[in-house]
Amino acid sequence: NAGVTQTPKFRILKIGQSMTLQCTQDMNHNYMYWYRQDPGMGLKLIYYSVGAGITDKGEVPNGYNVSRSTTEDFPLRLELAAPSQTSVYFCASSPPGVAKNIQYFGAGTRLSVL
Amino acid sequence: QKEVEQDPGPLSVPEGAIVSLNCTYSNSAFQYFMWYRQYSRKGPELLMYTYSSGNKEDGRFTAQVDKSSKYISLFIRDSQPSDSATYLCAKDGQRKKNYGGSQGNLIFGKGTKLSVKP
């Protein structure tokens with residue numbers, strides 16, 4: 001049972017570099033989400049998607065981009081990485097309907113921007 | 001006022017103690033409340049899920065919602081060292097109607113770090 005899979009687990013970037021955080025789920029969930037978690041803080045929503053081809057901004061979208069070409073995949077793109085993007089990134093998914101609030105999380109990607 | 005407030009702790013208790021974790025929220029418009037458990041360097045996992053007010057029990061865990069006081073609680077009975085983790089409360093957030101329904105946006109508290117000592 002793979003669930004939500006995120007790659008890579010760790011990454012160090014230099015300021016100004018770009019990278020894509022990968023997320024895939026095998027539960028056929030419509031909804032997918034990207035969060036960031038900073039030390040001592042809760043999870044902040046970056047972007048979300050309600051299905052293939054449909055994405056929207058969350059609370060902290062600046063500096064990030066997403067795409068959703070398939071139900072399974074929801075990559076997060078960082079352009080021109082900045083130290084403020086040092087964080088742990090979590091991808092999550094949830095089914096449609098009343099269960100949409102039950103979100104399943106991946107193991108996270110720890111990103112450092114130096 | 002933040003929409004979900006949670007005391008970050010840390011909270012340290014002896015094995016076997018009853019643990020009480022609490023959150024308050026400010027927006028009464030929505031009615032789904034969740035507790036997630038997050039072990040160190042892992043992703044959050046759903047622990048309990050309640051709708052509206054009242055209690056829900058699952059083994060040693062009880063989730064309680066008091067809508068009159070806007071209080072969310074998680075009780076852990078007979079706490080074990082394996083319960084040592086950060087506990088995040090969450091509630092459903094503001095909905096958008098762009099796609100004919102809500103997007104399942106959750107608002108999280110900052111998490112309470114619990115340590116159960118053997």
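Chain identifiers are assigned alphabetically (A, B, ...) following the order of the sequence lines, protein sequences preceding nucleic acid strands; residue numbering begins at 1 within each chain. All heavy atoms count here, side chains included; hydrogens, waters and symmetry mates do not.
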Are there more than 12 heavy atoms of other residues, nucleotides or ligands under 6.0 Å from atom NZ of A:K9?
->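 It does not: A:K9 NZ has 12 such atoms or fewer within range.
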
Check each atom of B:Q6 against the heavy atoms of chain A and say whether the ones under 4.5 Å are side chain, backbone, both or neither.
->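 Neither part.
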
Heavy-atom contact with chain A under 4.5 Å, split by part of B:Y51 |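 For B:Y51, no heavy atom lies under 4.5 Å from chain A.
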
Between A:Y47, A:W34, A:Y89, which is the residue that forms a side-chain hydrogen bond (donor to acceptor under 3.5 Å, both in side chains) with A:Y64?
->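 The passing option is A:Y89.
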
Are B:F108 and B:Y36 an aromatic pair by the rule of ring centers under 6.0 Å?
->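 Distance test on ring centres: under 6.0 Å, yes.
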
Among the options A:K44, A:Q37, A:E59, pick out the one with the most heavy-atom pairs lying under 4.5 Å from chain B.
-> A:Q37

Show your reasoning for whether side-chain hydrogen bond (donor to acceptor under 3.5 Å, both in side chains) applies to A:R68 and A:T55.
-> CA-CA 7 Å; A:R68 182 100 181 268; A:T55 63; over 6 Å; no

Listed by number, the residues in residues 39-48 of chain B that come under 4.5 Å of chain A (heavy atom to heavy atom) are B:R41, B:K42, B:G43, B:P44, B:L46

How many angstroms lie between CD in A:E72 and OG1 in A:T5, if you round to the nearest 0.5 Å?
-> 12.0 Å

side-chain contact (heavy atoms from CB on, under 4.5 Å) between B:V13 and B:L11, worked out | CA-CA 7 Å; B:V13 300; B:L11 181 62; 4.2 Å; yes

So, B:T112 and B:D7: side-chain donor and acceptor under 3.5 Å apart, yes or no?
-> no

